[in-house]
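A short worksheet on the structure shown next.
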Amino acid sequence: MKIEWTKTAVGRRGFLKGATALGAAAALPMGLGGRAMAAEGGTLRVRSYGDMQSIDPAFSKGVIDEEIHASIYNKLIQYKPGREWDWQMDAAAMIEQGDETHINFALRDDIGFTNGFGAMTAEDVKFSFERIVDEATDSPNKPDMGPLSHVEVTSEREGTIVLKEPFAPLWSIALPYITGNIVSKKAWEAASGKATTDPLAESGPYLRDSWSPKEKTVLKRNPDWKGEAPAWDTIEILPIDDENTAEIAFEAGELDFTRVSLGSVERYRAGVPNGGTLLEYPSLYYAWLGMNLDHPKLQNKKLRQAIQHAIDVPSVLEAAYFGAVEPSTGIIAPGLAGHRPQSLVPPQADFAKAAELLAESGETNVTVKLDTLNKTTFTTAAQVIQATLAQIGITVEVNVLESGAFWASADNEDLQLVLNRYSMTPDPYYATSWFTTEQVGHWNWEQFSNDEFDKIHAEASQLTDLAKRDEMYRRAQDLMEESGAYRFLTHEATPVIHSAGVVPALRPDGLALLRYFGKA
Amino acid sequence: MLLYATRRFGLALLILIVAVTVMFLMIRAVPGDPVQIMLGPRATPELQARLTAELALDQPIWKQLLIFYGNLMQGDLGIDVFSGRSVTEIVFQQLPHTLWLILGSITWSATLGIALGAYAAAHPNTLIDRITAAISVSFVAAPAFVVALLSLLIFAVHLQWFPAIGAGEGFWGRLNHLVLPAFAIGLSWVGYIARLVRASMLEVMGESHIRTARAFGIHERRVVMVYALRIAILPVVTVIGVGMGFLLSSAVFAEIVFARPGLGKLVIDSITTRNYPIVMGSVLISTGLFVVSTALADLINAWLDPRARNAN
């Protein structure tokens with residue numbers, strides 16, 4: 001093949017003229033006034049802090065995927081938007097606790113799957129729930145289903161969820177969250193049980209219209225949806241990991257709803273641009289300072305207690321979280337069973353008491369290492385802790401770690417003090433699960449081991465008596481604090497802003513329930 | 001020229017192999033269990049063990065490297081463990097966004113930089129030259145992330161001329177979304193290229209063939225634009241070739257600040273999550289781009305100026 005190059009007859013003058021004209025033509029229609037604003041044309045634009053990973057609930061990676069799943073699939077029950085944790089019916093026309101291990105349900109008769117996979121039946125519920133706990137599925141979300149045994153199908157749209165033992169989180173995690181999404185048995189079987197990023201069959205008020213990786217997920221109204229009509233024709237979910245970028249995009253009118261940084265809360269309290277509104281929600285996260293009970297430097301309980309009393313939590317929160325969060329009393333957030341109204345060690349430092357405990361410990365010239373993530377919030381908190389402990393003569397060496405190295409701390413035998421933060425789902429069982437003896441060497445980095453705590457964790461999740469559960473989980477946190485291995489800091493917060501035309505529907509921890517978002 | 005090109009691309013391939021091997025070893029030297037990070041705390045030990053075996057992480061590093069190159073020979077960059085999608089598909093989905101960004105940045109910065117540099121060289125030691133020098137140095141000194149944030153606040157939030165986030169749809173939409181990020185990462189290159197062209201042109205203007213051209217009575221503008229600039233521009237070609245690597249790194253934060261999809265952001269996300277297959281796939285492609293662009297720049301230089309290839 002012969003390729004012939006020919007000269008283009010464009011002179012210098014011609015080129016310059018053409019380039020100038022092209023530049024002007026390009027700039028005018030695009031840049032000046034050619035941009036659609038958010039919330040126009042029935043399109044809601046919301047920010048997600050990451051991109052979708054899987055369309056399969058069995059392999060969902062958490063809230064990012066769930067924002068989409070909850071809109072395109074149905075569950076028997078869904079979280080109710082508001083300030084109190086509660087649930088409401090979704091695909092279930094009826095659901096009731098038969099006895100401690102049996103939950104009876106009846107499905108609505110007007111929900112169907114797309115792509116010709118027919119009506120939603122009890123067989124679909126059975127398939128969806130049982131595949132999560134099936135060893136062959138290898139679902140990382142299996143623990144959320146707890147002791148699920150099986151689902152008995154009693155008629156086309158009726159069945160019974162059977163548990164091996166009572167499991168209270170079924171109502172707060174298993175059914176209304178990730179594992180509760182009901183998929184089409186026929187669709188999944190037709191695809192040999194595998195779905196990655198393209199929906200096989202959807203049933204919710206929205207359908208996933210398109211997905212541009214790292215760029216945008218577009219949901220469109222499901223024309224066959226027979227339930228209450230969703231408010232928005234289209235929802236665009238934009239993955240933006242940087243909160244500052246999201247705030248700028250909101251101010252530029254390109255987003256209708258986003259979580260904002262804690263550092264911006266004070267500014268937004270004074271007013272949100274474009275007539276928007278700031279909403280402040282508590283978060284379920286919990287941050288604390290942990291002490292490794294197995295480390296030779298920290299085996300003296302009086303020393304640990306001295307450290308607990310010498311840390312001034314309000315100062316830490318003021319510096320690291322811009323004062324936009326409240327001190328926590330434990331690992332269980334307000335609004336959940338087991339939340340303690342106050343901690344045993346008050347949040348304010350008591351340097352006199354701390355010095356007294358240090359003297360009683362007999363330890364002198366104490367130098368300890370504090371490991372923390374390389375995030376500004378944590379490094380700032382670590383520096384404040386370093387300063388406050390210095391007041392009683394304890395020297396702290398701050399050791400800043402990159403995320404991979406930090407999360408490998410279970411293998412770090414030299415771990416001494418650690419600033420840590422875990423996320424959780426809305427049930428106390430999830431929080432206590434990381435501090436049992438079984439978790440030593442995994443996620444229990446303090447090596448905390450207490451028989452009574454383990455017993456509470458094992459038994460409280462089986463109780464349906466809320467008052468009893470509340471009492472037991474409070475006691476569990478007392479035990480943690482009494483060990484001297486924990487100084488609870490905060491549950492953080494979820495500040496969000498939304499534009500004037502949007503009525504957001506949020507969980508009590510500020511996370512979005514997109515299918516319920518309304519128009520002002 | 002053919003021999004030169006063969007040698008140059010042979011060297012490029014060798015550089016690519018060394019770079020990818022070093023990156024492979026480095027990513028495995030970073031502490032942290034990738035399987036634990038990938039699957040999260042709730043994964044069963046059985047699932048963790050299965051994924052460890054699937055990724056060959058239970059094998060010695062030299063064997064992992066051989067497996068990697070073995071798969072690479074078959075065009076297989078592996079599977080993203082989070083989504084189960086092909087790494088090749090993911091990388092090539094992100095690549096065009098980054099290429100657009102780099103090409104956009106180079107195009108505008110080279111055009112303006114060459115014009116400024118040529119103008120300054122044609123009017124040395126005048127007020128215009130000094131103003132051009134001040135502008136060029138300011139541009140070089142301006143950190144790209146500051147330019148990015150300021151341009152966002154001015155042109156997206158305040159004036160609302162350009163979009164703040166995303167990559168846009170359709171040709172005009174993509175071009176529109178490209179303006180601010182390309183401006184942000186290209187600005188310092190304007191100053192750099194302007195200084196380079198000015199210095200290079202002043203040197204060329206003193207050469208004998210320029211004196212000869214002037215002696216023949218050729219118009220000064222033609223002498224500058226055709227005879228001098230054509231040779232003075234040669235270092236710019238090399239700089240642009242090498243600059244691909246720097247622009248790739250600038251693209252990382254531009255993609256974060258402007259919430260754009262792209263290879264840079266993909267690499268950062270993947271390193272944070274220890275997503276080995278994606279990291280290696282992205283590094284391979286971006287290193288390949290850098291090596292190829294550098295080699296192409298050398299070839300263009302050698303083609304334009306035979307002295308360059310004879311020197312090699």
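Lettering follows sequence order; numbering is per chain, from 1.
- A salt bridge does not link Lys265(B) to Asp51(A): none of the charged side-chain nitrogens sits closer than 4.0 Å to a carboxylate oxygen.
- Around atom CD of Glu89(B), more than 12 heavy atoms belonging to other residues, nucleotides or ligands sit under 6.0 Å away.
- Heavy-atom pairs under 4.5 Å with chain A were tallied for Asp269(B), Asp80(B), Leu153(B); the largest tally goes to Asp269(B).
- Between Phe155(B) and Phe162(B), the ring-plane angle classifies as perpendicular under the 30° and 60° cut-offs.
- In this structure, chain A has no heavy atom under 4.5 Å from any part of Glu255(B).
- Contact count against chain B (heavy-atom pairs under 4.5 Å) is highest for Asp241(A) among Asp242(A), Leu401(A), Asp56(A), Asp241(A).
- For chain B, the nearby parts of Asp138(A) are the backbone and the side chain; heavy atoms of each come within less than 4.5 Å.
- Aromatic ring orientation, Tyr422(A) versus Tyr286(A): perpendicular (interplanar angle above 60°, classes split at 30° and 60°).
- The aromatic rings of Trp434(A) and Tyr430(A) sit perpendicular to each other, their planes meeting at more than 60°, with 30° as the lower class boundary.
- Interface remark: of the candidates Glu251(A), Lys194(A), Lys61(A), Lys61(A) forms the most heavy-atom pairs closer than 4.5 Å to chain B.
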### Query
Between Ile68(A) and Thr217(A), is a side chain to side chain contact (heavy atoms under 4.5 Å, CB included) present by the stated rule, with each step listed?
CA-CA 9 Å; Ile68(A) 296 164; Thr217(A) 300; 3.9 Å; yes
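- The contact between His97(B) and chain A is made entirely by side chain atoms (from C-beta outward), counting heavy-atom distances below 4.5 Å.
- Only the side chain of Lys216(A) comes within less than 4.5 Å of a heavy atom in chain B; its backbone stays farther off.
- With a 4.5 angstrom heavy-atom cutoff, Ile248(A) touches chain B via backbone and side-chain atoms both.
- Using a 4.5 Å cut-off between heavy atoms, Glu169(B) contacts chain A through its side chain alone, with no backbone atom that close.
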### Message
Between Ile268(B) and Phe253(B), does the side chain to side chain contact (heavy atoms under 4.5 Å, CB included) criterion hold? Intermediate values first, please.
### Response
CA-CA 10 Å; Ile268(B) 295 295; Phe253(B) 82 83; over 6 Å; no
